[in-house]
Each structure stands twice: as structure tokens, then as C-alpha cells.
Enquirer: 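To start, I am sharing the structure in question, which I have written as C-alpha cells.
Computed from a predicted model, the values in this text were never measured in an experiment. As a basis for the values below, the full set of heavy atoms in this structure was taken, side chains included, without hydrogen atoms, waters or symmetry mates.
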Amino acid sequence: MHNSLIILAGGASSRMKKQASLGNLSNEEIQQANERSKGLIGVGPNGRPLLDYLLLNAKKAGYKNIYIIIGEQGKLFKEFYGSKNENNDFHGLNISFAVQYIPEGRIKPFGTADALFQAVEQYPELNTQLYSVCNSDNLYSTRALLALRETNSPNALISYDRDAMEFPSERISRFAIAKLGTDNQLLDILEKPSADSIEDYKDSEGKLRVSMNAFKFNGTLLYPYLKNCPAHPERDEKELPTALLNAIKDHPNMTIGIPFSEHVPDLTAKEDILEVKEYLKKYYPEINWHEN
């Protein structure tokens, strides 16, 4: 089983920074939401960030090497998780940082495929390995992260039962839908599903499966598709699902969707902060790094 997890944390967090009139957030929480990367917002009972909980679950799932992709202004990550560029020891995890640089002429990062490409260029050993990739602002369970390590498929994603998501239906309707074929092989990812197109995407159980950007990749196989990933014609970003789908066209039957049915806490906008805090109080009453 592979031991490396790459965490995407270099995005602009533009939806989190949008104005919102929420009387139940403190001034400090609003300031953090406006200034910090989403995974660093202090939602734990002791003010520690969401990323602590993701790292804890990754450690319980058996990951050893963590690569956090940060933006050019990502200095705060090093204050939390280690001042060195690589090989920081954080509760027994080996944490390294990759920087997603913004290309000249752009004001925002160039998307998730570009983030991963820059990371594997900075750590080329990843191109000869299997590794997992996930967002910094979602709290994936230990079980889901372990499933990515345990699958024998060269590439995989966690395909979540849309009905198990505890979000407003309007928000769930915008999640990308994974189309699975025989033996849960991934056939397609529909980024902006419309109500009249989703029937074709139901799996053999009649369920719609959504992607929350939790992947396993074969580094050697994926590298050329990251390098040559085209920008999305509307969003003008190089997106990881695009790179993966291009790889699938050339290498069919090498990527499975692992069916899961559970909620995934998410920090996308200010409205999510209170809900994530309540979730952590309920399910993580006290974070314990030393549990077996």
C-alpha cells in the first residue's frame, strides 16, 4: 500500500471570502475566513484548524508522507505544521510543502491539475509512486482514506452516495457526478449536472455518485496528462478531473469509483463554519494523536 497523501491547499478560497452577514460568527472567525486558506480556519474547540483533523484521519489510515500544496503566500501553513520546506515531523507524519505558483498574467491559481503538476515537478519521486490526493477543506473519514490505500486499482476515486450528503439540496445538485460502469470502473465525471442529464449517470444500484476530490493515482501514468492538461473553456482552469478523464480515454478499465455512503464536512463558505464546528464537537470531542 502506498504511504503518500497530497493535500490541495493552494486555491484562492474566493467563495469563503465573499461577504456574508452572519451574526453567529465572531469577528475573529470572520477575519480568519477572509484571510486564511480554508483548511487553516480554526474550527476545533481549541481553535486548531480543520486540517488537523484531516491529518489525524490520514495518520489513522496509515499515511506517512504528507505533501501540502500551498500558495505563494502560504507562510501560515509552516507556522502550524513545520518551518522547513520538507520532512517536518508533525505527530509522526512527515510533512513537506509544495508551492503552486501563479503563472505570469494571471491573478488566481491555474486550477487543481496545475497544482498537482507543480507538486510532482517539485517532488519528482512522486512520479514513480502511487499516491492519494484530496482537498484541504473537506474532512474525509479514516475509512475513506484507507480505502484509497487498500484498492488494487492503479487509479481510484471515492464515489459518494449523493443521498448521504447532509447539505442543502440546491448545493448538492452542483456537485460533480461520477458515472460508473461494470465493476465500478469510472467512465465519466459530469462537472455541472443539469436535472435532465443525471438519469444516465445512476449506477447499478440506482444511486447518483458524487466526487469530493478524493483520488488515488499512479504517478507514472498520470504525469503526462497533468503536464498536458487543457484549461477548461469557461472556468479557464486546469482541473484534475479533466486530466483523469483524458488518462481514462487512453487507459480504460484502470480507474474505479469506490462506493461510499457518508457525509463529508466541507468548508467552502462562511456559512459552513458553524456547521463544521458542531460536527467536530459531536464526532471529535477531543483530538488524540496517540490513539492506536
Side-chain angles (χ1 to χ4, degrees), residues 5-18 33-40 51 67-74 77 97-123 126-127 131-138 140 155 157-160 171-179 186 188-194 197 210-217 219 221-250 255 264 266-270 272:
L5 173 65
I6 302 173
I7 299 176
L8 302 165
S13 305
S14 49
R15 276 179 287 181
M16 180 61 76
K17 291 177 171 62
K18 281 184 179 174
N34 289 334
E35 296 176 358
R36 291 186 177 187
S37 179
K38 290 180 286 186
L40 291 184
L51 192 50
Y67 300 82
I68 304 176
I69 306 177
I70 60 178
E72 293 175 57
Q73 310 301 320
F77 281 95
F97 300 100
V99 179
Q100 182 180 17
Y101 295 98
I102 298 175
E104 195 173 336
R106 287 183 64 91
I107 57 172
K108 286 172 59 175
F110 209 179
T112 51
D114 175 69
L116 186 54
F117 176 68
Q118 291 199 45
V120 300
E121 288 284 273
Q122 292 166 40
Y123 295 94
L126 289 165
N127 294 317
Y131 56 78
S132 295
V133 178
C134 70
N135 291 340
S136 65
D137 54 339
N138 289 112
Y140 308 93
N155 306 294
L157 85 160
I158 303 294
S159 54
Y160 290 97
R171 179 169 173 180
I172 293 173
S173 70
R174 299 197 303 265
F175 290 166
I177 295 179
K179 185 175 186 177
L186 179 67
D188 197 6
I189 298 175
L190 183 64
E191 283 291 337
K192 294 277 185 178
S194 60
S197 63
V210 298
S211 167
M212 299 294 284
N213 282 354
F215 300 100
K216 171 200 173 181
F217 293 125
L221 186 147
L222 189 68
Y223 178 78
Y225 299 95
L226 291 174
K227 184 175 183 179
N228 301 307
C229 184
H232 190 281
E234 294 167 19
R235 295 188 284 278
D236 191 29
E237 290 186 351
K238 297 181 178 183
E239 299 175 334
L240 207 40
T242 303
L244 176 58
L245 290 174
N246 286 340
I248 288 173
K249 285 176 191 169
D250 295 338
T255 305
V264 183
D266 174 63
L267 269 184
T268 294
K270 288 185 175 74
D272 299 324

Enquirer: Please identify each residue that fulfils side-chain hydrogen bond (donor to acceptor under 3.5 Å, both in side chains) with D272, with sequence neighbours left out.
Expert: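 D272 satisfies side-chain hydrogen bond (donor to acceptor under 3.5 Å, both in side chains) with R171 once adjacent residues are dropped.
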
Enquirer: Who pairs with Y131 by ring-ring contact (aromatic ring centres under 6.0 Å, His included), at least two apart in sequence or on another chain?
Expert: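 With neighbours one apart ignored, the set is empty.
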
Enquirer: Measuring from F217:CZ to L244:CG, what's the distance to the nearest 0.5 Å?
Expert: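 CG of L244 is found 5.0 Å from CZ of F217.
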
Enquirer: Between C134 and L5, is the side-chain contact (heavy atoms from CB on, under 4.5 Å) condition met? List the steps.
Expert: CA-CA 8 Å; C134 70; L5 173 65; 3.9 Å; yes

Enquirer: Taking only residues two or more places apart in sequence or in another chain, which ones pass side-chain hydrogen bond (donor to acceptor under 3.5 Å, both in side chains) with S173?
Expert: none

Enquirer: What's the separation between atom CZ in R36 and atom CG in L267, rounded to the nearest 0.5 Å?
Expert: 12.0 Å

Enquirer: Do the non-hydrogen side-chain atoms of L186 and I248 ever get within less than 4.5 Å of each other?
Expert: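 In short, these two side chains touch, coming nearer than 4.5 Å.
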
Enquirer: Could you grab the distance from atom CG of L221 to atom CG of D250, nearest 0.5 Å is fine?
Expert: 9.0 Å

Enquirer: Got a donor-acceptor contact below 3.5 angstrom from the Q100 side chain to the E72 backbone?
Expert: no

Enquirer: Quick check, are the ring centers of Y123 and Y67 under 6.0 angstrom apart?
Expert: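 Yes: the rings meet the under 6.0 Å criterion.
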
Enquirer: Flag the pair I6 / I69 as yes when at least one side-chain heavy-atom distance between them is below 4.5 Å, and no otherwise.
Expert: yes

Enquirer: Is D114 salt-bridged to K238, going by a charged N under 4.0 Å from an acidic O?
Expert: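 So D114 does not pair with K238 through a salt bridge.
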
Enquirer: Do N135 and Y140 have side-chain heavy atoms sitting under 4.5 Å apart?
Expert: yes

Enquirer: Ion pair present between R106 and D236, side-chain N to carboxylate O less than 4.0 angstrom?
Expert: yes

Enquirer: Please report the interatomic distance OG(S211) to CD1(I177), rounded to the nearest 0.5 Å.
Expert: 11.0 Å

Enquirer: Run the side-chain hydrogen bond (donor to acceptor under 3.5 Å, both in side chains) test against K270 and tell me which residues pass, sequence neighbours left out.
Expert: N34

Enquirer: Could you report the tightest heavy-atom contact between G10 and P109, atom names first, then the distance?
Expert: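 Looking at all heavy atoms of both residues, the closest pair is O-CG, 3.4 Å.
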
Enquirer: Could you give the distance from CG (L190) to OG (S197), rounded to the nearest 0.5 Å?
Expert: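 Separation between the atoms: 5.0 Å.
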
Enquirer: Can you find a heavy atom in the side chain of V210 that is under 4.5 Å from one in the side chain of P193?
Expert: no

Enquirer: If you define the side chain from C-beta out and look only at heavy atoms, does anything of F110 sit under 4.5 Å from E239?
Expert: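 Answer no - side chains too far apart.
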
Enquirer: So which of L8, D266, I7 actually passes side-chain contact (heavy atoms from CB on, under 4.5 Å) with N138?
Expert: D266

Enquirer: Taking only residues two or more places apart in sequence or in another chain, which ones pass ring-ring contact (aromatic ring centres under 6.0 Å, His included) with F77?
Expert: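 If we apply the ring-ring contact (aromatic ring centres under 6.0 Å, His included) test to F77, skipping adjacent residues, there are no hits.
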
Enquirer: If I take atom OG1 from residue T242 and atom CD from residue E237, how far apart are they, to the nearest 0.5 angstrom?
Expert: 10.5 Å

Enquirer: Which residues pass the side-chain hydrogen bond (donor to acceptor under 3.5 Å, both in side chains) test with N127, not counting sequence neighbours?
Expert: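 Checked N127 against side-chain hydrogen bond (donor to acceptor under 3.5 Å, both in side chains); zero matches.
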
Enquirer: Can you find a heavy atom in the side chain of Y223 that is under 4.5 Å from one in the side chain of F117?
Expert: yes

Enquirer: Let's go through I68 and L51 carefully: what are the C-alpha distance in whole Å and the side-chain angles of both, what is the deciding distance for side-chain contact (heavy atoms from CB on, under 4.5 Å) to 0.1 Å, and is it a yes or a no?
Expert: CA-CA 10 Å; I68 304 176; L51 192 50; 4.1 Å; yes

Enquirer: For L226 and A243, work out which heavy atoms get closest and say how close.
Expert: CD2-CB, 4.1 Å

Enquirer: May I ask you to test the E191-R235 pair for a side-chain heavy-atom distance under 4.5 Å?
Expert: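 Yes. Closest side-chain heavy atoms under 4.5 Å.
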
Enquirer: If you define the side chain from C-beta out and look only at heavy atoms, does anything of L116 sit under 4.5 Å from L240?
Expert: yes

